[in-house]
Amino acid sequence: VEPHKGFFGDDTGLNGVRLLCDKAGEVTSSEGPRGAWSRPESCPPGQRLVSFRLRVEAPRGLWDDTAANAMAAICSGGSLLEGRGGPQGTWGNWSLPCPPGAGVCGLRTRLEPPQRGGDDTGLNDVELYCCS
């Protein structure tokens, strides 16, 4: 996540998502060039991620756009995980949950490349995939 730069800065918000897996290491989305990784959020032992949502800022025309700013997820036991993203935008709907016994096992993201003097947004969308 890139911290807010103030009135004259070009903010990008969320720049990447990383899944830390129980037994198989980690999976990282495409990453924008800005920001820093925040503290990891984890499901309680024996639980899996099963649903998520994004906080997204709608396009603002001539003003600075950020697109995705934060991500939240629900674990199979009902625990809520919320990343340390920016406050811009509104929370979207929760994704359909993974089927019983399944959990999130992969991801795909949409990332805007740097605009070279234009308005950068960073991460624009996330898809999470379920596996049994």
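What's counted below: heavy atoms across the whole structure, side chains too, no hydrogens, waters or symmetry copies.
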Can you name the side chain to side chain contact (heavy atoms under 4.5 Å, CB included) partners of E127, sequence neighbours left out?
R108, Y129

Distance, nearest 0.5 Å, that separates CG of L54 from CG of L14
7.0 Å

Can you pull the salt bridge (charged side-chain N to carboxylate O under 4.0 Å, His left out) pairs that have at least one residue in residues 66-76, sequence neighbours excluded?
none

Residue list, side chain to side chain contact (heavy atoms under 4.5 Å, CB included) with S79, at least two apart or on another chain:
P44, Q47, C75

Distance, nearest 0.5 Å, that separates CZ of R53 from CE of M71:
11.5 Å

Anything under 3.5 Å between a donor and an acceptor, one on a side chain of residues 86-102, the other on a protein residue two or more places apart or in another chain? List them.
unit_1 : atom_1 : unit_2 : atom_2 : d
S95    : OG     : S51    : OG     : 3.2
S95    : OG     : F52    : N      : 3.0

Is it the case that atom CZ in R18 sees more than 12 heavy atoms from other parts of the structure closer than 6.0 Å?
yes

Partners meeting salt bridge (charged side-chain N to carboxylate O under 4.0 Å, His left out) with E57 (sequence neighbours left out)
R60

Side chains of L107 and V27: closer than 4.5 Å at any heavy-atom pair?
yes

Applying side chain to side chain contact (heavy atoms under 4.5 Å, CB included), can you list everything that pairs with L111, at least two apart in sequence or on another chain?
S30, L123

Taking the two cysteines C131 and C105, do their sulfur (SG) atoms come closer than 2.5 angstrom to each other?
yes

Applying salt bridge (charged side-chain N to carboxylate O under 4.0 Å, His left out), which residue pairs with at least one partner in residues 85-104 are found, sequence neighbours left out?
none

Is any side-chain heavy atom of L49 closer than 4.5 Å to one of L81?
yes

Check for a donor-acceptor pair, side chain of T109 on one end and backbone N or O of D125 on the other, with a separation under 3.5 Å.
no

What heavy-atom pair brings V50 and V104 nearest, and what distance separates the two atoms?
N-CG2, 4.3 Å

Side chain to side chain contact (heavy atoms under 4.5 Å, CB included) against S42, all qualifying residues, sequence neighbours excluded:
none

Would a hydrophobic clustering, with Ile, Leu, Val, Met, Phe, Trp and Tyr connected at side-chain separations under 4.5 Å, put V56 with V17?
yes

Looking at A70 and G85, what are the two nearest heavy atoms and their distance?
CB-CA, 3.7 Å

Separation between OG1 of T28 and CG of L19, rounded to the nearest 0.5 Å
8.0 Å

